[in-house]
Structure formats: structure tokens, C-alpha cells
2 protein chains.
Amino acid sequence: MNDLEKKLRDAGLRPTKQRLLISHYLFSGPQMHVTADSLYSELIDRDINISLATIYNVLNVFTSHGLLREISIDPSRSYFDTNIKRHYHYYFEKTGKLEDISIEELKISPMPEKKNGFDVNCVDVVIRVDG
Amino acid sequence: MNDLEKKLRDAGLRPTKQRLLISHYLFSGPQMHVTADSLYSELIDRDINISLATIYNVLNVFTSHGLLREISIDPSRSYFDTNIKRHYHYYFEKTGKLEDISIEELKISPMPEKKNGFDVNCVDVVIRVDG
DNA sequence: CAACTAGTTTAGAATAGTTCTAAAATAAAC
DNA sequence: GTTTATTTTAGAACTATTCTAAACTAGTTG
């Protein structure tokens, strides 16, 4: 059983052909940010034909099983981040590109843990920049 | 010339009937968060019939002229905030409600001013909570 | 491995939020 | 009051995403 197959099984997901192909693209190289559409095109470019419905399925199921993190940047598109550790983002408004900011670079205090008795699921920080 | 009319003119906008009605709803009471749909329904409830196309027009033009701020929370809908001063948000995922966090309550350091020579337009912080 | 079961993929239809179109209405300027 | 530019509107169009239901596949059981 290879690394990617293990990664999927550990997340409680069946390692299907499509999920493994997508995982190979997403998780074998450097960390990346994708949209459903950008992922679909990149796979087509590599002669990997997976239906758009499956791309959406896989992105959603990977997100709900903790393999990806969804980022709300632009109300017209969902971005997904292969880096699931706590971190923040620069967003370059002209180019649409994202860049990570580590929690060492940017401090938030007090880091909220609870609100009205509810758990904090996630702290999203987006610094929007021209250019 | 009343306050709302002045507010629109100062922003470089013609004070049309529809813009004044929407301004009255948005800017005469306490600060609020709306979506196109929530604003449309609230106006219908008050027997103010403005087409949905105009609601979208007005929200967009108010945002581009600095009377509203758009918040990226949920990729399926755009939220607009009548509070245009720097502040942050709690987002209650189950109810879809927003609550403000003042910059006194939550500190970010170092507050970014520039990135790669580009100005920082805006620092968005969203704390997602269950409930 | 053959049969079975539950989960997955797919094309295409459906949906939801938003923008576009072009005609009628209105605000501001002359 | 006439003219001109802007705004509003209904409905069509568009785009990102989800749904549907049939075909397929992974994992399980005998």
C-alpha cells in the first residue's frame, strides 16, 4: 500500500482510481491552492480525464475528511488549500493568487477558543493586497 | 437636503428613490449585515418593492463607493456590512449569522501595511464557530 | 473467485446566486 | 420644458455548484 493510498484510508476514504489520481496531483509536490476549475484543467492538461462532478465530489469529501481546507476569498469561487496546518493568507486581488502567512509571521491575540460556549472551528485571516 | 441624500451625494451617487429607500433601511438604524436576498425580503416585508436586479446594483455600487463593505464568508452568498470601520467577525456556521469583533478585542501584530511593495487594502478576519 | 453490497463515478439536468439586456423611467443640466 | 445621461426593471442569460439515477467498482462473504 503506497503513501497516497494510506493517506486516503487513514482519512476513512476508499482509495478509488480518481481519488488517487487527484491525490497524486495535489499531495505529491509542493503545497498548492486550487479551485475546482483549475484542478479540472490541470488534470486535462496531463491527459487525466475525470468528470467535473467527480472533481467537486472529491474536493468536498477531501475537505470534510480533513485532507484539504476550503478558503473563502472570492464569493464567485471556492479555493482549496493542500496545507491544512493553521496559517493565514495574502490574496493578490489583481492576479487572484494566494500566498501563505505562517502563524509565526502574524500573531493573533487572544487566540479565540470558544464563543458563546461554541467551539471555534477555524480562524481565517486574509490580507488583501493590490497587485 | 436630508442626511441620507447628503450621504449619497458625498459618495458621488445620485439620490434616486430606490437608493434612498435602501439607504434608509441600511443606514438609519443599528449597524447590520445583509445579503442581497435578506435585504430584498426585508424590504418586501415593509411593502417596499424594489426589483432584485436593483438590489444587486445598489449593493455593488454602494460597496464600490465606500458606503458598504463586502465580506467573504460563504462562497455561496455575498454578505455586506454597513459598518465600514476596521473590525473583524465571528461567523456562526449553523445559523449563518455574523457578529462584529472590534480591533480592541482582537489584536493582530504586526499589522501589515505593505506586501511586495503593494498596499494592503483590507485585513479580513473571520472566526468560524459552531452554532 | 463468484456473487453481493455499499460506495463511487458519470453525463446531463437542475438549481441558486448573480449579472446582463434593452426598453421604460427618472434625475440633473441646459 | 427639452435634452441627455443615468437608473430601474422584468426577464433572459450566465456561472459555479449540486443533484439524479444509471453504470461501475471496491471490498466482503462464502
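Just so it is clear: chains get the letters A, B, ... in the order the sequence lines come, proteins before strands, and each one is counted from 1. In what follows, every heavy atom counts, from backbone to side chain, and hydrogens, waters and symmetry copies are set aside.
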Chemist: Out of D:dA10, D:dC19, D:dT8, which nucleotide sits closest to the side chain of B:Ala53?
Modeler: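 Closest nucleotide to the B:Ala53 side chain: D:dA10.
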
Chemist: Are any of A:Gln18's side-chain N or O atoms less than 4.0 Å away from OP1 or OP2 of D:dC24?
Modeler: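 A:Gln18 to D:dC24 OP1/OP2: no side-chain N or O under 4.0 Å.
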
Chemist: Looking only at side-chain N and O atoms, does A:Tyr56 come under 4.0 Å of OP1 or OP2 in D:dT18?
Modeler: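 So the side chain of A:Tyr56 is outside the cut-off, no N or O lying under 4.0 Å from OP1 or OP2 of D:dT18.
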
Chemist: Please report, rounded to the nearest Å, how far the C1' atom of D:dT7 is from the CG atom of B:Leu8.
Modeler: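 So the CG-C1' distance, B:Leu8 to D:dT7, works out to 13 Å.
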
Chemist: Rounded off to whole Å, could you give me the CG-to-C1' distance for the B:Leu59 and C:dG17 pair?
Modeler: 13 Å

Chemist: Counting any heavy atom closer than 4.0 Å, what does B:Thr16 reach on the DNA or RNA strands: base, sugar-phosphate only, or nothing?
Modeler: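 Sugar-phosphate contact only.
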
Chemist: If you check every side-chain atom of B:Asn60, which of D:dT9, C:dG17, C:dT19 has the closest atom?
Modeler: C:dT19

Chemist: Could you verify whether a donor N or O on one side chain and an acceptor N or O on the other, from B:His33 and B:Asn83, lie under 3.5 Å apart?
Modeler: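 There is no such pair between these side chains.
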
Chemist: Is the distance from OP1 or OP2 of D:dT15 to the nearest side-chain N or O of A:Arg77 less than 4.0 Å?
Modeler: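 No, no such contact exists.
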
Chemist: Pairing donors with acceptors under 3.5 angstrom, does anything connect the side chains of B:Asp81 and B:Gln31?
Modeler: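 B:Asp81 vs B:Gln31: donor-acceptor pair found between side chains.
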
Chemist: Could you check B:Lys17 against A:Phe80 and say which one's nearest nucleotide on DNA chain D is further toward the 5' end?
Modeler: B:Lys17

Chemist: Take the protein atom CD1 of A:Ile44 and the nucleotide atom P of C:dT10, then report the distance between them rounded to whole Å.
Modeler: 10 Å

Chemist: Is the phosphate of D:dA26 approached by A:Arg9 (side-chain N or O, under 4.0 Å from OP1 or OP2)?
Modeler: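 For D:dA26, neither OP1 nor OP2 has a side-chain N or O of A:Arg9 closer than 4.0 Å.
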
Chemist: To the nearest Å, give me how far apart CG (A:Asp37) and C1' (D:dC14) are.
Modeler: 14 Å

Chemist: Just checking B:Arg14: base, sugar-phosphate only, or nothing, at a heavy-atom cut-off of under 4.0 Å?
Modeler: base

Chemist: Let me know the distance between CD1 of B:Ile22 and P of D:dT7, rounded to the nearest Å.
Modeler: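 Taking atom P of D:dT7 as the reference, CD1 of B:Ile22 is at 13 Å.
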
Chemist: From CG of B:Leu39 over to C1' of C:dG17, roughly how many Å is that when rounded to an integer?
Modeler: 15 Å

Chemist: Between B:Ser78 and A:Leu52, name the one whose nearest nucleotide on DNA chain C is closer to the 5' end.
Modeler: A:Leu52

Chemist: Ignoring the backbone of A:Pro15, work out which of D:dT18, D:dG27, C:dA28 is nearest its side chain.
Modeler: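 Nearest nucleotide to the side chain: D:dG27.
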
Chemist: If we ignore hydrogens and angles and just use 3.5 Å, is the side chain of B:Arg19 paired with the main-chain N or O of B:Arg14 as donor and acceptor?
Modeler: yes

Chemist: When all nucleic acid strands are considered with a 4.0 Å heavy-atom cut-off, which category describes B:Ser76: base, sugar-phosphate, or nothing?
Modeler: sugar-phosphate

Chemist: Between B:Glu70 (CD) and C:dT19 (C1'), how many Å, whole number?
Modeler: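 In whole Å, C:dT19 C1' lies 14 Å from B:Glu70 CD.
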
Chemist: Using a cut-off of less than 4.0 Å, is there contact between a side-chain N or O of B:Ser51 and OP1 or OP2 of D:dT9?
Modeler: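 Looking at the OP1 and OP2 atoms of D:dT9, one of them is under 4.0 Å from a side-chain N or O of B:Ser51.
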
Chemist: Measure the spacing between CG of A:Leu43 and CG of A:Asn49 and express it to the nearest 0.5 Å.
Modeler: 9.0 Å

Chemist: How many whole angstroms separate atom CD1 of A:Ile50 from atom P of D:dT25?
Modeler: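 That distance rounds to 14 Å.
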
Chemist: Write down the atom of B:Val126, the atom of B:Ser72, and the distance for their closest heavy-atom approach.
Modeler: CG2-O, 4.3 Å

Chemist: Is there a donor-acceptor pair closer than 3.5 Å between any side-chain N or O of B:Ser28 and the backbone N or O of B:Tyr25?
Modeler: no

Chemist: A:Arg19 side chain: which of C:dT9, C:dT10, D:dT8 is closest?
Modeler: C:dT9

